[in-house]
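Remarks on the structure that follows.
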Amino acid sequence: LAADGKHLMTDVWTSAGVLVGVALAALTGWERLDPLVALAVGLNIVVTGGAGFIGSHLVRRLAVEGHELHVLHRPGDRLVRISDLGAAARPWACDLADAERLASVLDKVQPERIYHLAGDTRVRHLDPSLAGVAESVERNVRTSLALFVAAHARCRRLQLLLHVGGLEEYGRGPAPD
């Protein structure tokens, strides 16, 4: 979402994510932006899923670049991947499905950028029948949509919202070239 409130930036590969992006664009009139945007220095940034494997690497990179970082993580998550960053990355316990808590955090933080890496990755740990796929997809779409709507309503300084996917999108086969 750009500062003018009319642009939606997506870098989404899942069909569920595309559905969310298309629905938001249709509902809000936002235009799609090029995902290759230069990163300024010293920005106020929220990273959802910043305590996870990929998210923690992004948080470390952004910390080195001198940004003010706010890491949204599920309540009860272990923060071992970012615990050594101390004040460089402020953790916020926030389930994205909790609209009231999400609104409160976004009101306080007022980010200029949001990198959305949070997602339910339990499917890969289930049985080979992938019985939990529907539940996982539903949760990921619902929580992503909640974040997009809350950011649009509450983040007055937001310049960019980037939704990043993960390994679940490729399933058990080889990753595409």
Side-chain angles (χ1 to χ4, degrees), residues 1-12 17 20-52 54-79 81-120 139-166:
L1 177 63
D4 64 6
K6 297 195 186 290
H7 293 91
L8 172 69
M9 179 172 169
T10 58
D11 186 13
V12 180
V20 171
V22 169
L24 279 173
L27 292 171
T28 64
W30 293 339
E31 300 170 21
R32 185 178 171 90
L33 291 178
D34 186 340
L36 300 175
V37 176
L39 188 60
V41 177
L43 295 173
N44 191 18
I45 298 175
V46 163
V47 180
T48 69
I54 297 171
S56 64
H57 286 69
L58 175 61
V59 167
R60 288 183 178 289
R61 172 65 186 266
L62 295 172
V64 167
E65 293 178 359
H67 300 288
E68 181 179 332
L69 298 173
H70 303 272
V71 177
L72 274 60
H73 63 90
R74 276 184 229 128
D77 273 359
R78 296 180 354 185
L79 305 178
R81 291 186 178 107
I82 59 168
S83 60
D84 62 314
L85 294 177
R90 180 173 179 192
W92 296 80
C94 181
D95 186 329
L96 297 180
D98 182 344
E100 187 175 312
R101 174 68 177 155
L102 179 58
S104 173
V105 170
L106 293 178
D107 283 344
K108 290 175 187 166
V109 173
Q110 285 301 310
E112 293 164 285
R113 304 262 169 108
I114 298 175
Y115 293 93
H116 178 38
L117 284 76
D120 180 2
R139 176 165 173 79
N140 287 336
V141 170
R142 186 171 32 87
T143 56
S144 293
L145 185 57
L147 175 64
F148 300 157
V149 169
H152 180 66
R154 300 190 171 277
C155 299
R156 295 176 299 281
R157 303 180 324 158
L158 190 63
Q159 301 166 0
L160 173 72
L161 192 163
L162 179 65
H163 181 204
V164 179

**Matching residue for E112 among R156, E68, Q159 - test: side-chain contact (heavy atoms from CB on, under 4.5 Å)** = Q159
Heavy-atom pair of closest approach, residues [X] and [Y]:
X: V109; Y: R157; value: O-NH2, 4.3 Å
X: C94; Y: R101; value: SG-CG, 3.7 Å
X: L106; Y: A150; value: CD1-CB, 3.8 Å
X: R154; Y: A103; value: NE-CB, 3.0 Å
X: R60; Y: R81; value: NH2-O, 2.8 Å
X: C155; Y: I114; value: SG-CD1, 4.4 Å

**Asked** Which of parallel (below 30°), tilted (30 to 60°) and perpendicular (above 60°) describes H163 and H116?
**Response** parallel
**Prompt:** Does L72 reach the side chain of L102, with side-chain heavy atoms less than 4.5 Å apart?
**Reply:** yes
**Message:** A side-chain contact here means heavy atoms from C-beta on lying under 4.5 Å apart; do L62 and L58 qualify?
**Reply:** yes
Can a donor-acceptor pair be found, under 3.5 Å and without considering hydrogens, that links the side chain of [X] to the backbone of [Y]?
X: H67; Y: N44; result: no
X: T48; Y: L117; result: yes
X: N140; Y: D120; result: yes

**Steps toward side-chain contact (heavy atoms from CB on, under 4.5 Å) verdict (E65, R61)** = CA-CA 6 Å; E65 293 178 359; R61 172 65 186 266; 2.7 Å; yes
**Asked** Taking only residues two or more places apart in sequence, or in another chain, which ones meet A89 in a side chain to side chain contact (heavy atoms under 4.5 Å, CB included)?
**Response** V59, L69, V71, L85
**Request:** Output all residues satisfying salt bridge (charged side-chain N to carboxylate O under 4.0 Å, His left out) with D98, sequence neighbours left out; order by chain, then residue number.
**Result:** none
**Fill in**
For R74, the salt bridge (charged side-chain N to carboxylate O under 4.0 Å, His left out) test, sequence neighbours excluded, returns none
**Prompt:** Taking 4.0 angstrom as the limit, do D95 and R139 come out as a salt bridge?
**Reply:** yes
**Message:** Measuring from atom CG of L161 to atom CZ of R113, what distance do you get when rounded to the nearest 0.5 angstrom?
**Reply:** 11.0 Å
